[in-house]
Protein chains: 4
Amino acid sequence: MVSSRSRRRLSPEARRGELIDAAIRLLDSGQDVTNWVQAVTAEADAAKGTFYVYFSSWEEMLVAVRNRVLRDYVDRFQRLTESTEPIDWWATLDAECAAAIEAIARQGGLHAAVFHSNSALGPMDEGQQDTVAAIAKALHRGMDEGAFRPVDPHIAATILFSVLHSAADAIATGEQSQRWLTVVHDLTRHWLAPP
Amino acid sequence: MVSSRSRRRLSPEARRGELIDAAIRLLDSGQDVTNWVQAVTAEADAAKGTFYVYFSSWEEMLVAVRNRVLRDYVDRFQRLTESTEPIDWWATLDAECAAAIEAIARQGGLHAAVFHSNSALGPMDEGQQDTVAAIAKALHRGMDEGAFRPVDPHIAATILFSVLHSAADAIATGEQSQRWLTVVHDLTRHWLAPP
Amino acid sequence: MVSSRSRRRLSPEARRGELIDAAIRLLDSGQDVTNWVQAVTAEADAAKGTFYVYFSSWEEMLVAVRNRVLRDYVDRFQRLTESTEPIDWWATLDAECAAAIEAIARQGGLHAAVFHSNSALGPMDEGQQDTVAAIAKALHRGMDEGAFRPVDPHIAATILFSVLHSAADAIATGEQSQRWLTVVHDLTRHWLAPP
Amino acid sequence: MVSSRSRRRLSPEARRGELIDAAIRLLDSGQDVTNWVQAVTAEADAAKGTFYVYFSSWEEMLVAVRNRVLRDYVDRFQRLTESTEPIDWWATLDAECAAAIEAIARQGGLHAAVFHSNSALGPMDEGQQDTVAAIAKALHRGMDEGAFRPVDPHIAATILFSVLHSAADAIATGEQSQRWLTVVHDLTRHWLAPP
DNA sequence: TATGAATGAGACTTCATTCAT
DNA sequence: AATGAATGAAGTCTCATTCAT
């Protein structure tokens, strides 16, 4: 062993953050890790025991990762909903779809771990619900302003979320992103545009 | 405690079938099993070692389960594609959607295991691809016959598959199935009906 | 590693017995073991995992050891109580005291582990209670037959048990057994002999 | 969460004393503590590291606790031995027995920890020997003054010590203290009273 | 073919102790 | 003197898989 790490004393937030960062990096990398705690602490240049100072189990870390990942989405849609400027809903929808697909497809392993994990967190856990709720709120406002046809916003948001995921998964496994973007664009137009 | 079972001699196919049945029952039950081989053999009233007579690893069993589960779907769509009768595409689509959602929602754990499994089989594994391909073929014929608007059949099938899953997941976690069926119906109409 | 142990297949009772034997041997040896499961399985020429086939934790093994050790005592006193022969109570008492002290002193580590363990088993656990009860019953009969002064049999048995332990501990740490035997003899005479 | 404590500066003796007090409180409480250093420092409202400023290991703390606990007993018997007043030996013996039983029974966990500890300190460790020696000395003087029958004082003291412990254990687990006191009283009379 | 006792690598976790601040 | 974040050796336990019967 070469890199004799010397005790790095950090503030709890900093260390916790470094651990989460390391976990995201590994999750994202798609490597086939079996010993996650060991791998993450190595990646974060910390001792194995340090992990358990901040997380009482690997599950708890997954929750933290999930929260950090979803926060991004929630924030974006929240800003949208709270904005007082006039919004070009269709341009925004297209942009968000493209951005989401691109982001998910890029960090392949991460999203699989965060969303497809068959761990203690069931399908549709809290974090995911928040995201869907944020999307629903935005759609709701778009309907109020007449940009979208009235449909159940919660269900529509859930479907949208799921479609974007499909697209990203497909793109991540090698399908052409342009075709998918076109189809998604076409789907949203036909589905949500007012007559 | 003397077990009532002692060397039940079965034909290999029968024994293998019993093991798969047992696995499906357990997978479907949604119980939090950690020790799968042990649980399945107990459920099938067989000894642990017997498992390895028929499957060389747990992964192999998962493949067998997956194949059996997907065969259903594939068969239905195949029959549709091969039929020479005239088909009422919209009635068929509605019926298939409703049936799929109902089936997936009912057997919650099983589908999670088969589709969301984070095991060696990646997202969009072979079995799933077969299913999607079967749906795509059916959609394709529907387009040829003018019932559906022309869209990329593979992508459309993938999206449909994913939407049905979302619906089933939502229903399984307690949402009202009627509302979802309505929205899915509405979505397919607007998306796929010719102008 | 040299002694490549080859899979020895034993009946569950035999294997369980071997493990308990090994545990008793080690406990008795007084060695300072930290990793008991590892040490016991090595001593029993078994794999570590085998331990957990028969005991779900080290505590459970301790209970088994305790039970086996105490069974001896209980049996002896039971035989005494159930005998229909006339009994020379004082000769018997002296003999039992000497035998008990000798046995306990000989297997120093074992009794310390079994009785002084501050583990989940509180002081005066079930096994110990059985032993005391067996002694009490014998004393009771001795009183009935007029050999002993009437005293509370349960309390007297408890005290006797504890005095014998003290004696054995003292002898095990090097004190002269003859002096102790004399004092115990003298104590029982004065305490229990009828006026 | 900002702790209200911040660098309470105490004199070394005071801080050491607080730590021992905290340890005694916890040991006495009978709670099932696994993490002693952590528990004691929390109880003493000090930081974990502070423990090692005053004790170089947990064993050292146990020694300190033991010394403080045994000092009480030793002092009482020492005073007895050194007193020049005439002593009513039987009244004193009864009183000491009752007091010891009561004290031990009350602080159940503490005495178990101090006397039954299966730690590095064997049975009959130094502290216990001091106590027994102090009792022996008192008995010795009582014999010299003709109050007690001559018996080996060291052995008698050891037995007495052990009997008192039995009584306390029994009372602590719910038996009636009055019965035990009576039997102990009766035992000492018959055993130690001159003819 | 069927069995189930046996295996052991390795995952998970703890906690006394250290040490930079 | 006091702190508490960091450490890592070492313990407990699991479970897919093997193999003697």
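Each chain gets a letter, A, B and so on, in the order its sequence line appears, and its residues count up from 1.
If you measure from atom CD of B:Glu60 to atom P of F:dT17, you get 10 Å, rounded to the nearest angstrom. A straight line from CZ of C:Phe51 to P of F:dG11 spans 14 Å, rounded to a whole angstrom. A:Arg9 places its CZ atom 6 Å from the C1' atom of E:dA20, with the value rounded to the nearest Å. Separating the CD atom of A:Glu59 from the P atom of E:dC12 is a distance of 10 Å, rounded to the nearest angstrom. Atom CH2 of D:Trp58 and atom C1' of E:dT18 are 18 Å apart (whole Å). Spacing between atom CZ of A:Arg8 and atom P of F:dA5 amounts to 15 Å, rounded to whole angstrom units. Atom CZ in C:Arg7 sits about 18 Å away from atom P in E:dT3, given to the nearest Å. Separating the CZ atom of D:Phe55 from the P atom of F:dA2 is a distance of 12 Å, rounded to the nearest angstrom.
Between A:Arg68 and A:Asp21 there is a salt bridge, with a side-chain nitrogen of the basic residue lying less than 4.0 Å from a carboxylate oxygen of the acidic one. Between B:Asp45 and B:Arg15 there is no salt bridge, since no side-chain N of the basic residue sits under 4.0 Å from a carboxylate O of the acidic one.
Comparing E:dG8, E:dA5, F:dA6 against the side chain of A:Leu10 picks out F:dA6 as the nearest. In this structure, of E:dT3, F:dT7, E:dT17, it is E:dT3 that holds the atom nearest to the side chain of B:Val53. Of the candidate nucleotides F:dA5, E:dT17, E:dT7, F:dA5 has the atom lying nearest to any side-chain atom of A:Pro12.
Among the protein residues, A:Ser11 comes within range of no part of the nucleic acid, since none of its heavy atoms lies under 4.0 Å from any strand.
D:Val69 pairs in a side-chain contact (heavy atoms from CB on, under 4.5 Å) with only one of the listed residues (D:Asp28, D:Thr131, D:Leu110, D:Leu27), which is D:Leu110.
A:Ala44 approaches A:Arg8 most closely through the heavy-atom pair O-NH2, 3.2 Å.
The shortest distance between the side-chain N/O atoms of A:Tyr54 and the OP1/OP2 oxygens of F:dA5 is not below 4.0 Å. For the OP1/OP2 pair of E:dT17 and a distance below 4.0 Å, the side-chain nitrogens and oxygens of D:Tyr52 include at least one atom meeting the criterion. A close approach under 4.0 Å does occur between a side-chain nitrogen or oxygen of C:Arg15 and OP1 or OP2 of E:dA6. Proximity of A:Thr34 to the phosphate of E:dA11: a side-chain N or O atom is located under 4.0 Å from OP1 or OP2. Taking side-chain N and O atoms only, D:Asn35 has a distance below 4.0 Å to OP1 or OP2 of E:dA16.
Where C:Ser56 and B:Trp36 meet DNA chain F, the nucleotide closest to each residue was compared, and C:Ser56 sits on the side nearer the 5' end. The nearest heavy atom of DNA chain F to A:Gly49 and to C:Thr50 marks one nucleotide each, and the one closer to the 5' end goes with A:Gly49.
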### Message
For C:Met61 and C:Trp36: C-alpha separation, side-chain torsions, deciding distance, then whether side-chain contact (heavy atoms from CB on, under 4.5 Å) applies.
### Response
CA-CA 10 Å; C:Met61 167 62 96; C:Trp36 283 103; over 6 Å; no
### Message
Would B:Val37 and B:Phe55 count as a side-chain contact (heavy atoms from CB on, under 4.5 Å) here? Give the steps.
### Response
CA-CA 10 Å; B:Val37 175; B:Phe55 305 90; over 6 Å; no
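Judged purely by distance below 3.5 Å, without hydrogens or angles, the side chains of A:Ser29 and A:Gln31 pair a donor atom with an acceptor atom.
Atoms CG and CD1, from A:Leu62 and A:Ile20 in turn, are 11.0 Å apart once rounded to the nearest 0.5 Å.
No hydrogens or angles were tested; on distance alone, a donor-acceptor pair under 3.5 Å links the side chain of A:Lys48 to the base of E:dT13.
Secondary-structure stems of DNA chain F, taken as three or more successive Watson-Crick or G-U wobble pairs (i with j, i+1 with j-1) under a 3.5 Å distance threshold, comprise E:2-21 with F:2-21.
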